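Worksheet: one structure, shown below.
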Amino acid sequence: MSSLVLGFQEMEKTQLFLVGGKGLNLGELSKIEGVQVPEGFCITTVGYQKAIEQNETYHALLDRLTILKVEDRDQIGEISRKIRQIIMKVEISSDVVKAVTHYLSQFGEEHAYAVRSSATAEDLPHASFAGQQDTYLNIIGKEAILQHISKCWASLFTDRAVIYRMQNGFDHSQVYLSVIVQRMVFSQASGILFTADPITSNRKLLSIDASFGLGEALVSGLVSADCYKVQEGEIVDKRIATKKLAIYGRKEGGTETQQIDPDQQKTQTLTEQQILQLARIGRQIEAYFGCLQDIEWCLVDDTFYIVQSRPITTLYPIPEAKDQENHVYVSVGHQQMMTDPMKPLGLSFYLLTTPAPMRKAGGRLFVDVTQNLASPVSRKMVIDSLGKSDPLIKDALMTIIERGDFIKTLPHNKKELSTSKSNKGLPSAGFQAQTENNTTIVSDLIKSSQTSIAELKQNIQTKSGSDLFDFILEDIQQLKKILFDPQSLGVTMAAMDASTWINEKMNMWLGEKNVADTLSQSVPNNITSEMGLALLDVADVIRPYPEVIDYLQHVKDGNFLDELVKFDGGQETQDAIYAYLNKYGMRCSGEIDLTKTRWSEKLTTLVPMILSNIKNFEPNASHRKFEQGRQEAMKKEQELLDRLKQLPDGEQKTKETKRMIDLIRNFSGYREYPKYGMINRYFVYKQALLKEAGQLVQADIIHEKEDIYYLTFEELREVVRTNKLDYQIISKRKDEYKFYEKLTPPRVITSDGEIITGEYKRENLPVEAIVGLPVSSGVIEGRARVILNMEDADLEDGDILVTSFTDPSWTTLFVSIKGLVTEVGGLMTHGAVIAREYGLPAVVGVENATKLIKDGQRIRVHGTEGYIEIL
């Protein structure tokens, strides 16, 4: 057996680097009993390396390609073309020619072959690279085959393959190509089989695409295919396409496209029996590889041949369960406005903080709501409360319940038990607020939280080693007490219930929609909206000092504050920024993940926002903005009460309404405080743990402090205790995290892996309207600024912010904008609450908003009706 050419049967599982992903999978497939694979062989990557290793021009061009970025399309195109030309002219080594001749004589040189590329970075678990390199069909004769081997090698440097490698972080010089030469099968039908449904991700539903002729027509998008769905050995769905064209092999070599006879165009490609037989083969291959598969198949004279199988890499992983029962999981990220993946340390802190039944998947957290949905009592509470935070989640859960067979309803006597046990930690589930309207409640809660944090900061300083971990665990109990304090929850619920009451009654009595939005502008005690206004005050301090402004426009690194004192106004600027950081420096985007970089840790994040405030606002803007909102709320209150007095039973209606308005004004600001307290504590824990990390770096146990982010709390505790760590764990988790970043988490996913999507049900909207959830009233037109990263924000007065999600840290941008559109969110999520308080029309939960709306477009946001028009 030569290392230059290997037959399928001769390959070993460990030879990815020799035969590439596709070759390796074919070698494995040919070993599965009962699975037919057309015979063939691989010219290994050694043959490719032999051809190019001495070519200096090739290596020089490769060096030039390595330093380019994805944006440099023209240069990429030019250099890639030159590399392809070199490879096409390179002589194939005589050893390779000899080995190819040997295998062809074994299989029959007169036959037709498919010549296919198989790269070492292809069909991998985390990156499919499918279709990046070329395939040639129906090639006859040794000379033609050798010529097409060179063509495959050259296809490693098509523009699309080069760009795809750049985007996925693969080094061009470390990716090699093997070439597969495989007997052609001239199929009557062919297609693709997915062992999980690619649309819904359901792992129990197998999906088959089938059309006449060779598979090339399907892959290249020439024809529509029949689609069959099979679940547990039964065909559950069939869609028969009109198939007008097919590609067939020609006798003399090559392929041609033919018209299909009109009578045959609408016939089913496979019989029922064939569909079920193919499904069984699919499940057999999946079982052999131990993961979901995307399989290419051909049908010849009633025999199925498998010509390729690769892992499906695009499905969202299923949250891990402890049993085989059906489960329903709801994304925590969609409720917490942070759909990015979290690092292991961040995940474990959040898990320590919440009492809800949590599961991990794809670097994110999901709540298992199965128990809640099983009991009719808790079902309504949970669906209503989740519906407030995200109506699309509510709609998805309703879809599951309406199916009736996925979750078994609990017998009557078990209901109450399940409700009390399983509602813990779900957003305000079933909490009926009975809180009297007393303003001191809020100031007492805030004071008590501040005292508790001050004590924590003092006490943690003396702790280190294992003691520190014990201390943090104890303090987290204190944090949980504060977060789930009945009085604290009561205040939040009272404000939410009052808003709902006001909106319903004012609509009924006065025909006015969403009145609570205006009434909740500029409420006191909202730590998050105060944070945005406070940054305007920082701008006021700096505005009189041109030297400082000029200096700030050019800062690059985080130590810029030390240099400030050299300038006129530098000391004042430094004091103002430090005072701001003292109160808000623990915040950042995605702050529920303790490992995310805080503003205090990266001061440059705030600089563009401060400069934008200096440019866009007059002095004392924070006071004016707050006062303007307060006046509008007062005016609205007076107007409503005056109108209500005129109604039948007006006195009573006025009195009830006044009480509800007071609840909104006194209590709704507090809603943001518990999270602020939690993030405060997280930052104290983080600083203490980074101190420990510094010692681990000194002891050479980790390479950099941030490595601890890739360990769970318990693992880190053990590393600190023993001073031992297998560093491969860190490396593996860094790779996993990179993979998780590419995934889009679903709102709702089942234990079958099925992603259930919700819909907004709305009539009478303009045809082109982009629909979302109305969360803050009003209509505004302006320039859309599509911003995915807060640090890239370059806003001008009157812009409308379009982004994937906003958590409290984004509030600092809200002072500069006129409207808000987000992909994630609900009525009571942070962005919505602050938008109402600042009087910004806002529509949230808009699927794919950042793709549908282009940066710079003029748009109109209908915050009352919940849709966006592109003007």
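On a predicted model such as this, the values are computed, not experimentally measured, just so you know.
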Please evaluate residues Asp340 and Tyr740 with respect to the criterion side-chain contact (heavy atoms from CB on, under 4.5 Å), reporting the C-alpha separation (whole Å), side-chain torsions for both, the decisive distance (0.1 Å), and the verdict.
CA-CA 8 Å; Asp340 293 345; Tyr740 295 153; over 6 Å; no
Tightest non-hydrogen contact, residues Val300 and Phe186, listed as CG2-O, 3.9 Å
Is the side chain of Tyr228 donor-acceptor paired with the backbone N or O of Ile240 at a distance under 3.5 Å, no angle test?
no
Asp368 and Thr370: side chain donor to acceptor below 3.5 Å:
yes
Do side-chain atoms of Ser118 reach the backbone of Val19 as a donor and acceptor pair under 3.5 angstrom?
yes
Lys/Arg-Asp/Glu bridge criterion (N-O < 4.0 Å) met for Arg403, Glu754:
yes
Asp209 and Asp226: CA distance, side-chain angles, deciding distance, side-chain contact (heavy atoms from CB on, under 4.5 Å) verdict:
CA-CA 6 Å; Asp209 284 1; Asp226 288 356; over 6 Å; no
Residues passing the side-chain hydrogen bond (donor to acceptor under 3.5 Å, both in side chains) test with Arg73, sequence neighbours excluded, are none
Any side-chain heavy atom of Ile76 sitting closer than 4.5 Å to one from Ile163?
yes
Do Val35 and Val37 come within less than 4.5 Å of each other through their side chains, counting heavy atoms only?
yes
Test item: side-chain donor near acceptor, Tyr737 and Asp735, under 3.5 Å
no
Which ring-ring contact (aromatic ring centres under 6.0 Å, His included) pairs, counting each pair once, include a residue from residues 261-281, with sequence neighbours left out?
none
Stepwise salt bridge (charged side-chain N to carboxylate O under 4.0 Å, His left out) test for Arg84 and Asp159:
CA-CA 10 Å; Arg84 290 198 300 276; Asp159 294 10; 3.7 Å; yes
Short question: side chain of Gln264, backbone of Asp261 - any donor-acceptor pair under 3.5 Å?
no
Check whether the ring centres of Phe107 and Tyr113 lie less than 6.0 Å apart, and answer yes or no.
no
Would you please name every residue forming a salt bridge (charged side-chain N to carboxylate O under 4.0 Å, His left out) with Asp237, sequence neighbours left out?
none
Please check: side-chain N/O of Ser190 versus main-chain N/O of Gly213, any donor-acceptor pairing under 3.5 Å?
yes
Once rounded to the nearest 0.5 Å, what's the spacing between atom OG1 of Thr303 and atom CG of Asp301?
7.0 Å
Are side-chain heavy atoms of Leu26 and Cys42 found at a separation under 4.5 Å?
no
Centroid-to-centroid, Phe366 to Tyr329, below 6.0 Å?
no
I would like to know whether Leu299 and Gln274 meet side-chain contact (heavy atoms from CB on, under 4.5 Å); could you show each step before the answer?
CA-CA 9 Å; Leu299 179 68; Gln274 287 170 335; 3.5 Å; yes
Would you kindly say whether Ser751 and Glu325 are connected by a side-chain donor-acceptor distance under 3.5 Å?
no
To the nearest 0.5 angstrom, please state how far the CD atom of Gln182 sits from the OG1 atom of Thr135.
10.0 Å
Assess whether a salt bridge exists between Arg203 and Asp752, defined as any Lys/Arg side-chain N lying under 4.0 Å from an Asp/Glu carboxylate O.
no
Beyond-backbone contact of Ser804 with Leu788, side-chain heavy atoms, under 4.5 angstrom:
yes
Atom CD1 of Ile208 and atom OG1 of Thr269: how far apart are they, to the nearest 0.5 Å?
11.0 Å
Are Ile407 and Ile401 packed together at the side-chain level, in the sense that at least one heavy-atom pair is separated by less than 4.5 angstrom?
no
Between Phe406 and Thr750, is a side-chain contact (heavy atoms from CB on, under 4.5 Å) present by the stated rule, with each step listed?
CA-CA 9 Å; Phe406 192 75; Thr750 71; 3.6 Å; yes
Using the six-membered ring of Phe157, assess whether NZ or CZ of Arg165 lies under 6.0 Å from its centre and within 45 degrees of the ring axis.
yes
Just to verify, which of Ile32, Leu193, Ile306 counts as forming a side-chain contact (heavy atoms from CB on, under 4.5 Å) with Ile281?
Ile306
Test your reading of the model: is there a side-chain donor-acceptor pair from Gln268 to the backbone of Leu270, 3.5 Å cut-off?
yes
Is it the case that more than 12 heavy atoms not belonging to Glu234 sit under 6.0 Å from its CD atom?
no
Do Asp390 and His334 have a side chain donor and acceptor closer than 3.5 Å?
no
Are Glu12 and Gln15 packed together at the side-chain level, in the sense that at least one heavy-atom pair is separated by less than 4.5 angstrom?
yes
Under the side chain to side chain contact (heavy atoms under 4.5 Å, CB included) test, residues paired with Ile235 that sit two or more places apart
Val230, Lys238, Glu272, Ile275, Leu276
So with a 6.0 Å cut-off around CD of Glu759, is the heavy-atom count from everything else above 12?
no
Would you call Glu847 and Arg747 a salt bridge, using N to O less than 4.0 angstrom?
yes
Taking the side chain from Arg364 and the backbone from Gly362, do they hold a donor-acceptor pair closer than 3.5 Å?
yes
Find the distance between CD (Gln49) and OG1 (Thr44) and round it off to the nearest 0.5 Å.
8.0 Å
With a 4.5 Å cut-off on side-chain heavy atoms, are Tyr103 and Val5 touching?
yes
Please list, chain by chain and in numerical order, all residues satisfying salt bridge (charged side-chain N to carboxylate O under 4.0 Å, His left out) with Lys266, sequence neighbours excluded.
none
Lys/Arg-Asp/Glu bridge criterion (N-O < 4.0 Å) met for Glu296, Arg116
yes
Can you pull the salt bridge (charged side-chain N to carboxylate O under 4.0 Å, His left out) pairs that have at least one residue in residues 29-45, sequence neighbours excluded?
Glu28-Lys31, Glu39-Arg183
More than 12 heavy atoms of other residues, nucleotides or ligands under 6.0 Å from CD of Glu768: is that the case?
no
Which distance, rounded to the nearest 0.5 Å, do you find between the OG of Ser150 and the OH of Tyr48?
11.0 Å
Assess the residue pair Glu286 and Arg283 against the criterion (salt bridge (charged side-chain N to carboxylate O under 4.0 Å, His left out)); give the C-alpha distance rounded to whole Å, side-chain angles, the decisive distance to 0.1 Å, and a yes or no.
CA-CA 5 Å; Glu286 178 189 72; Arg283 289 290 180 222; 3.3 Å; yes
Any side-chain donor near an acceptor of the partner, Gln231 and Asn202, under 3.5 Å
no
Judged by modelled atom types alone, do Ser309 and Asn25 share a side-chain donor-acceptor pair under 3.5 Å?
no
Please answer whether the main-chain N or O of Phe17 pairs with a side-chain N or O of Thr45 as donor and acceptor at a distance below 3.5 Å.
yes
I'd like to know if the side chain of Ser201 and the backbone of Asp197 have a donor-acceptor N/O pair within less than 3.5 Å.
no
Would you give the length of the straight line joining atom CD1 of Ile312 to atom SG of Cys291, rounded to the nearest 0.5 angstrom?
8.5 Å
Glu232 side chain vs Lys204 backbone, donor-acceptor pair below 3.5 Å:
no
